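Read the structure below first, then the notes.
For the numbers below, each heavy atom of this structure counts, side chains included, while hydrogens, waters and symmetry mates do not. Just so you know, ligand 1 is whichever comes first in the structure, and atom 1 is the first atom listed for that ligand. Along the sequence shown, residues carry numbers from 1. As the structure is a computational prediction, the values presented were derived from the model and not from experiment.
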Amino acid sequence: QKIPVNKYGLAVLSTRQQYDQLVKADSNQLLVDLEKYIPGIKKDVRYATTNNFTKQQLYTRTDIYLRLPAAKALKAVQEALRKKGYGLLIYDAYRPYHVTETMFKIVPNDLYAADPRKGSGHNRGVAIDLSMINLKTNKPVAMPTDFDDFTTKAHENYTPPDPAIAANRKLLRDTMKQHGFKGSSTEWWHFYLPDYKKYPLMDIFF
Ligand SMILES: C[C@@H](N)C(=O)N[C@H](C)C(=O)O
Ligand SMILES: [Zn+2]
């Protein structure tokens, strides 16, 4: 199918019919509801509140979706972490393209917010922002920074003074990598599938 091109020359799928057609042609394009698909997964969708770096409520719903192959990989991550006493805490998954435009207006730095001239892996349904919870306490584990703290403390090469924090970050990163995700060098919480170009950018809500 022919997906319309936006002002930056990017093909951005924007209707339910276009999405349905895409999924009909390729079942891997299906967006999967992670709460139904991954037992025990937890979420804290800050973009559905004003407690996020934009100070705006960007979503009216808190649903978390990923394309089928990313959801499958994440399910395996959750299972591997469960055996070690941890679970996943999701901050964001699929993100409509216009939300990326809003974010970049506020933080025009693609180390931290994707440039709409390229689009984000989130807009393609194969990037995820996440942390871990400790299954004994049901509380988030300590990480080098809070989610969306756009400072060098969130970088991969930052060494946290507390070895327990470094170990938490390493466990999350290693487990995500073992299941096919790539990590970001500037955001400890951001991961994506390396073949993201197979999945069109989208600007639809469910
Ligand atoms: C905004 C932040 N949570 C994030 O996801 N950043 C990356 C770079 C993105 O926007 O794709
Ligand atoms: Zn992200």
Rounded at 0.5 Å granularity, tell me how far CD1 in Ile204 sits from CG in Leu31. 6.5 Å
Looking at Tyr196, I'd like to know if its OH atom is crowded, meaning that more than 12 non-hydrogen atoms belonging to other residues, nucleotides or ligands lie closer than 6.0 Å. no
In terms of heavy-atom contacts, does NZ of Lys43 have more than 12 from other residues, nucleotides or ligands at under 6.0 Å? yes
Have a look at His190 and say which of its N, O or S atoms is nearest the Zn ion (ligand 2). ND1
Quick check: of its N, O or S atoms, which one does Asp129 have closest to the Zn ion (ligand 2)? OD1
Measure the acute angle between the ring planes of Tyr91 and Trp188, then classify it against the limits of 30° and 60° as parallel, tilted or perpendicular. perpendicular
Are any side-chain N or O atoms of Asn123 and backbone N or O atoms of Ser120, one a donor and one an acceptor, separated by less than 3.5 Å? yes
Keeping Gln29 on the side-chain end and Lys24 on the backbone end, is there a donor-acceptor pair under 3.5 Å? no
Can you check whether Phe191 and Phe181 have ring centres sitting under 6.0 Å from each other? no
At a 4.0 angstrom heavy-atom cut-off, what protein residues surround ligand 1? Tyr47, Phe53, Arg95, Tyr112, Ala113, Ala114, Ser120, His122, Asp129, Phe147, Asp148, Glu187, Trp189, His190
